[in-house]
Amino acid sequence: MQHFLAISDLSSQELNQLVDLAIDLKREWRSGGNDPILESKVLAMVFQKPSLRTRVSFDMAMRHLGGDALYLSPNEIGFGKREAISDVSRVLSGYVDAIMARVFAHDHILELAEYASVPVINGLSDFNHPCQALADVLTIKERFGSFDDLRVAFIGDGNNVAVSLLHSCALLGMDFVIATPEGYQLPRQAVEIAEDLSSDAPISIEELQDPEEAARGAHVIYTDTWVSMGQEEETKRRLEVFPPFQVNQELLGVADNGAIVMHCLPAHRGEEITDDVADGPQSAIFPQAENRMHAQKAVLVELLS
Ligand code: CP
Ligand code: NVA
């Protein structure tokens, strides 16, 4: 693995190995701490958008592994504005051992990787969110023991989080169903990639507009904000269209009895998810958030040790 830019860059075996490495590193951390295998390594964290989980979990992951992380805020670098991305990439490559970046246009993370001589990690783009998906599948494996015979239902916007989750399902053999309003479906290209990925062990990919049909019998009910970062101007329209796609007790009632509820966070309580579901017995959202740190440790170890 040279960079970590997309789940779809991995083979099924590589994704399984990352999940298993994350499980080992989590166990090691829980039983007294990680070995400092990234001692003297430094990760630059470039953010063009806000973050709680990505920023803190990467920083703590580096500290636990004996390394360090530098936070570079949206105001600092002026990605592609103050300075060309290709220049930022080559300059940072001379100072640090790896670069994690959260960007708007997906092309920007690709450009960063093209010019970097150190590993680049995608901390979210407008197209995908592979670090999130790795934590998601780690959480699913912990809860269900394996990926066999699972149906994952994504309810809401066909966004960056949905794309990486779909690609993970395709690689790991979990059926995927999404319910979105008309006009907010997954990008066609993302579905085509998933179909190619799943060709060895084909999964079922369903794109629906009825949340109840999608949730019926599902083992994982996943939702995310209706207005992703960068879409703020569309807020009014989106808040009119999305309410039937709320994950609430009624919708959860049609899922499998043992279903878990997932959300990448930040949650907009009362919009895409109700408090009783987010805080209820089937919610996995806080362990899922913690798993960002464990999953990313696996990526860092794979890229840097
Ligand atoms: N889920 C996630 O990426 O959270 P942040 O935006 O807080 O990093
Ligand atoms: N889809 C959301 C995810 C936030 C972690 C966004 O891009 O804003």
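Whatever order the structure lists them in is the order used to number ligands and atoms, beginning at 1. Values below: all heavy atoms of this structure, side chains included; hydrogens, waters and symmetry mates excluded.
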Starting at CD1 of Ile7, measure out to CG of Asn128 and round the result to the nearest 0.5 Å. 8.5 Å

From atom 6 (O) of ligand 1, work out which of Arg55, Arg102, Arg53, His129 has a heavy atom at the shortest distance. Arg102

Less than 4.5 Å apart, side chain to side chain, heavy atoms only: is that true for Gln231 and Trp226? no

Should the proximity of Thr54 to ligand 2, defined as any heavy atom under 4.0 Å, be assigned to the side chain, the backbone, both, or neither? neither

Considering Gly123, Ser228, Ala162, Cys264 one by one, which has a heavy atom nearer to atom 6 (C) of ligand 2 than any of the others? Ser228

Would Asp157 count as a contact of ligand 2 if the rule is a heavy atom under 4.0 Å away? no

Looking at Cys264, Pro50, Ser228, Ala135, the heavy atom closest to atom 1 (N) of ligand 1 belongs to Cys264

Is Lys141 salt-bridged to Asp136, cutoff N-O under 4.0 Å? no

Identity and separation of the nearest protein heavy atom to atom 7 (O) of ligand 2: Asn160 ND2, 2.8 Å

Is there a nitrogen or oxygen of Thr225 sitting under 3.5 Å from a nitrogen or oxygen of ligand 2? no

Would you call the rings of His108 and Phe79 parallel, tilted or perpendicular, taking 30° and 60° as the class edges? perpendicular

What protein heavy atom is closest to atom 2 (C) of ligand 1, reported as residue, atom name and distance in Å? Arg292 NH1, 3.2 Å

Just which atoms of ligand 1 are under 4.0 Å from any heavy atom in Leu52? 5 (P), 7 (O), 8 (O)

What I want to know is whether Lys49 and ligand 2 share at least one N or O pair that is separated by under 3.5 angstrom. no

Ile203 reachable from Leu171 in the ILVMFWY side-chain graph, under 4.5 Å edges: yes

Asp224-ligand 2 polar pair, N/O distance under 3.5 Å: yes

Should Met229 be counted as touching ligand 2, given the test is an N or O pair under 3.5 Å? yes

Do Asn34 and Ile37 make a side-chain contact, defined as non-hydrogen atoms from C-beta onward lying under 4.5 Å apart? no

Give a yes/no verdict on a cation-pi contact between Arg55 and Phe47, requiring under 6.0 Å between NZ or CZ and the six-membered ring centre and an angle within 45° of the axis. no

Please state which part of Leu124 comes within less than 4.0 Å of ligand 1, counting heavy atoms only: side chain, backbone, both or neither. neither

